[in-house]
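What follows is one structure encoded as C-alpha cells, with my remarks underneath.
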Protein chains: 2
Amino acid sequence: MKRDSRLSGVLHVLLHMAEQGTPMTSEQLARAMQTNAVVVRRILGGLREAGFVHSEKGHGGGWTIARDLAAITMRDVYDAIGRPRLMAMGNRTEAPGCLVEQAVNAALDDGFRDAEALLLVRFGEVTLAALAADFHARLAARNLTAQEHIHG
Amino acid sequence: MKRDSRLSGVLHVLLHMAEQGTPMTSEQLARAMQTNAVVVRRILGGLREAGFVHSEKGHGGGWTIARDLAAITMRDVYDAIGRPRLMAMGNRTEAPGCLVEQAVNAALDDGFRDAEALLLVRFGEVTLAALAADFHARLAARNLTAQEHIHG
DNA sequence: GTTTCATGTAACTTTAAATAGTACGTGAAA
DNA sequence: TTTCACGTACTATTTAAAGTTACATGAAAC
C-alpha cells in the first residue's frame, strides 16, 4: 500500500492556514500540499466536523482555523482525520485456529499496542501552537519573516 | 499497498519448524502459512543468511532451525527479514524546503522514532522459546498434545 | 547415470490501500 | 445570473506486498 501522509499533510496546511489569517481556498492549500484540491477538502472535512476549521462557499470563501492553536494537539488532528492505521505490519490471520499462530499474534499485538499508545501520548503532547512556534524559530534562525517565506 | 504480514508469517512457520524436529519443505510450510512455497523461500532466505535456519536441497531436504530457540528473539527475526517499515504513516515530503513542513515533520518524526524504538525493545524481549512455551500453554489449556494439534 | 525431489531466484501478475483526478451539485457573493 | 468555492460520488492511478510461473542447481534414490 501507499504510505499514509494525511496527518503530515493536514498539519502542514493547518499551519499555513493559521499564518494566513484570511480564508484560504482548497486550491491554494492543495498547491502548498502539492496535491489535488479534492484531497484537501476530503481531509479537512473531518476537521470541520470536529470543529477545528470552518469553511465558507462562494466568493471570498475558503478555509479558516476555528479554534486557538494552543487548544489543538496533533492527537486531536489524528482523531479528526479518522484515526488511520499507525502500524505498517499486521497479523497474517486475525482470528487463527492454529495455536502457534495465536501465540505469535498475541506477542506481536502486545508490542503494537504499547507502541501505538506511546505514539498517541506523544501526539497529545504537541499543540499546533507549539508547531507554529517551532516554525517561527526556524524563520528566525534564517533571518526571515513569515512574509518572506514563500512556499516551496 | 497490502499490509505487511511477513514477520507474523515467518514467526509462525519458525515455530512449526521447531515443533517438527525433522526438515520441513517449503511446500509444507506454505500450507501452514496459507501461502505459496516461493514466498516462504523468499522470507526464510534472510533467516538462512543470518544463521537462524538451515536449508537442504534434494530428497529428505527442507528447512530446519539452526539455533536454540532461546537464542533467537523476535527482534532478530525482524532484522533478518530486512527490517521492514514499522510505521504506516510517513511525511508527505521527506526533505521539504517549506519551514512549516519542516516543523511538522520534526514533531512527527520524534513520535515515530520513540514508538519504533519501544517496539524494537519489546521485540527484543521475546524469544522464540517464550513463544513456544506460550503455544504449549495454549495446548495444555485445551487438554491437547502437539501431535493432536493439526494445523488449521 | 538418470530420475526425482527440493531449494534458489528472476521475472511477471495480482491485490489492497492510499492517493489522485473528474464531474457535477449546492450555496454565497459579485 | 454569473462566478467562485465547497461537497461528494465515482473512477483512475500508484505503491508495495503477496502470489505465480519458469527454470536453474544440487542432492539423494533407484
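Chain naming here is simple, since letters A, B, ... match the order of the sequence lines and numbering starts at 1 in each.
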Inset, instruction - Using a 4.0 Å heavy-atom cut-off, write out nucleotides 22-30 of chain D from 5' to 3' as B (base contacted by protein), S (sugar-phosphate only) or - (no contact). - result: ---BBBBS-
Legend entry - dA17(D) phosphate, OP1 or OP2, under 4.0 Å from S5(B) side-chain N/O: no
Inset, instruction - Return yes if a side-chain donor-acceptor contact under 3.5 Å exists between R92(A) and S8(B), otherwise no. - result: no
Legend entry - Atom-to-atom span, CZ of R92(A) to P of dG19(D) - whole angstrom: 5 Å
Inset, instruction - Flag the pair L69(A) / T127(A) as yes when at least one side-chain heavy-atom distance between them is below 4.5 Å, and no otherwise. - result: no
Legend entry - Interatomic distance where CD belongs to E27(B) and C1' belongs to dG19(D) [whole Å]: 13 Å
Inset, instruction - Between dA18(D), dA20(C), dA6(C), spot the one nearest the side chain of T35(A), thanks. - result: dA20(C)
Inset, instruction - Kindly say if S55(B) contacts the phosphate of dG8(C), meaning a side-chain N or O under 4.0 Å from OP1 or OP2. - result: yes
Legend entry - Step-by-step side chain to side chain contact (heavy atoms under 4.5 Å, CB included) determination, F123(A) to T73(A): CA-CA 7 Å; F123(A) 282 177; T73(A) 67; over 6 Å; no
Inset, instruction - Let me know the distance between CZ of R42(B) and P of dT20(D), rounded to the nearest Å. - result: 11 Å
Legend entry - Distance test, side-chain N/O of R48(B) to OP1/OP2 of dT7(C), below 4.0 Å: no
Inset, instruction - Kindly indicate whether the side chain of W63(A), heavy atoms from C-beta on, has any atom under 4.5 Å from the side chain of Q28(A). - result: no
Inset, instruction - Choose from dG8(C), dA17(C), dA18(D) the nucleotide whose nearest atom is closest to any side-chain atom of W63(B). - result: dG8(C)
Inset, instruction - Provide, to the nearest angstrom, the distance between the CD atom belonging to Q28(B) and the C1' atom belonging to dC5(C). - result: 12 Å
Inset, instruction - Establish, from distance only, whether the side-chain atoms of H136(B) and E19(B) form a donor-acceptor pair under 3.5 Å. - result: yes
Inset, instruction - Remember a base hit wins even if backbone is also touched, and classify R6(B) as base, sugar-phosphate or nothing at under 4.0 Å, heavy atoms. - result: sugar-phosphate
Inset, instruction - Would you mind reporting whether L11(A) and M74(A) have side-chain heavy atoms less than 4.5 Å apart? - result: yes
